[in-house]
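Just below is one structure, and these are the notes that go with it.
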Amino acid sequence: MARLRLGVLISGRGSNLQALIDGCAAPDFPAEIVLVISNKADAAGLARAKAASIPSSVISHREPGFEAAVGDALRDAGVELVCLAGFMRVLSADFVAKWRDRLINIHPSLLPAFPGLETHRRVLASGATETGCTVHFVTAALDAGPIILQEKVPVLPGDDEDRLAARVLAVEHRLYPQAVRLLAERR
Ligand code: GRF
């Protein structure tokens with residue numbers, strides 16, 4: 001069967017992009033990354049795309065027509081599923097509607113708890129003893145779309161933001177390719 005064509009949108013480090021690249025490298029993986037788009041020219045993740053010989057483009061959110069350009073690039077590449085991976089822009093309701101059920105995100109909390117930014121700082125401040133990560137469909141409401149997969153991660157005594165983020169990130173890297181596999185296999 002043809003592999004599902006993925007477009008990955010990033011803004012920075014790209015460790016989840018790397019997890020998807022690594023996942024797609026397995027011979028039986030039902031998806032492949034055909035395009036990486038960054039809204040930042042200095043995103044470290046761009047080097048990961050290059051190292052994997054995946055076409056990438058930089059489309060600055062400061063350019064007029066930013067979203068239209070992103071949509072055009074995705075369509076031109078024949079993208080079937082868009083994966084947000086540390087993409088730090090909120091997409092418009094119009095864009096989200098056009099990609100309905102074909103646009104997913106990973107968020108470092110057990111949604112619906114702790115949507116938005118500075119997640120780990122807020123989790124620690126709340127005194128919660130567990131957190132996690134969630135892969136979900138993107139809707140117009142921030143971090144609130146239907147959940148595809150999520151997994152719990154303990155908050156441990158003595159955690160600071162970096163330690164907690166690292167523990168959650170290790171799970172993110174497993175969960176994101178797993179969610180893509182489920183969708184690609186229409187499960
Ligand atoms: C991850 O924690 C992801 O859940 C969140 O932003 C971070 C991106 O990290 N949306 P990376 O760029 O994938 O390394």
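FYI, side chains are in, hydrogens and waters are out, and symmetry mates aren't considered; it's all heavy atoms of this structure. Please read all numbers here as calculations on a predicted model, not as lab measurements. Ligands are counted one by one from 1 in listed order, and the atoms in each one are counted from 1 as well. For the single chain, residues carry numbers from 1 onward in sequence order.
- Here the closest non-hydrogen pair linking G116 and L142 is CA-CD2, 4.1 Å.
- Using a 4.0 Å cut-off between a side-chain N of Lys or Arg and a carboxylate O of Asp or Glu, D160 and R163 do not qualify as a salt bridge.
- Polar contact check, E172 against ligand 1: a nitrogen or oxygen pair lies under 3.5 Å apart.
- Partners of R5 according to the side-chain contact (heavy atoms from CB on, under 4.5 Å) rule, which considers only residues two or more places apart in sequence or in another chain, are E32, V34, E80.
- Of the polar atoms of G14, at least one N or O is found under 3.5 Å from an N or O of ligand 1, judged by distance alone.
- Any N or O atom pair closer than 3.5 Å counts here, and L17 shares no such pair with ligand 1.
- The distance from the CG atom of L35 to the CZ atom of R75 is 12.5 Å, given to the nearest 0.5 Å.
- Electrostatic pairing of D28 and R181 counts as a salt bridge here, judged by a charged N lying under 4.0 Å from a carboxylate O.
- For atom 9 (O) of ligand 1, the closest heavy atom belonging to the protein is R13 NH2, 3.0 Å.
- The option from S15, A19, G86 that lies nearest to atom 8 (C) of ligand 1, judged by heavy atoms, is G86.
- Among protein heavy atoms, the minimum distance from atom 13 (O) of ligand 1 is reached at N16 N, 2.8 Å.
- Residue contact check: I106 has heavy atoms under 4.0 Å from atoms 3 (C), 4 (O), 5 (C), 10 (N) of ligand 1.
- Clustering ILVMFWY residues whenever any of their side-chain heavy atoms sit less than 4.5 angstrom apart, transitively, puts V96 in the very cluster that holds V82.
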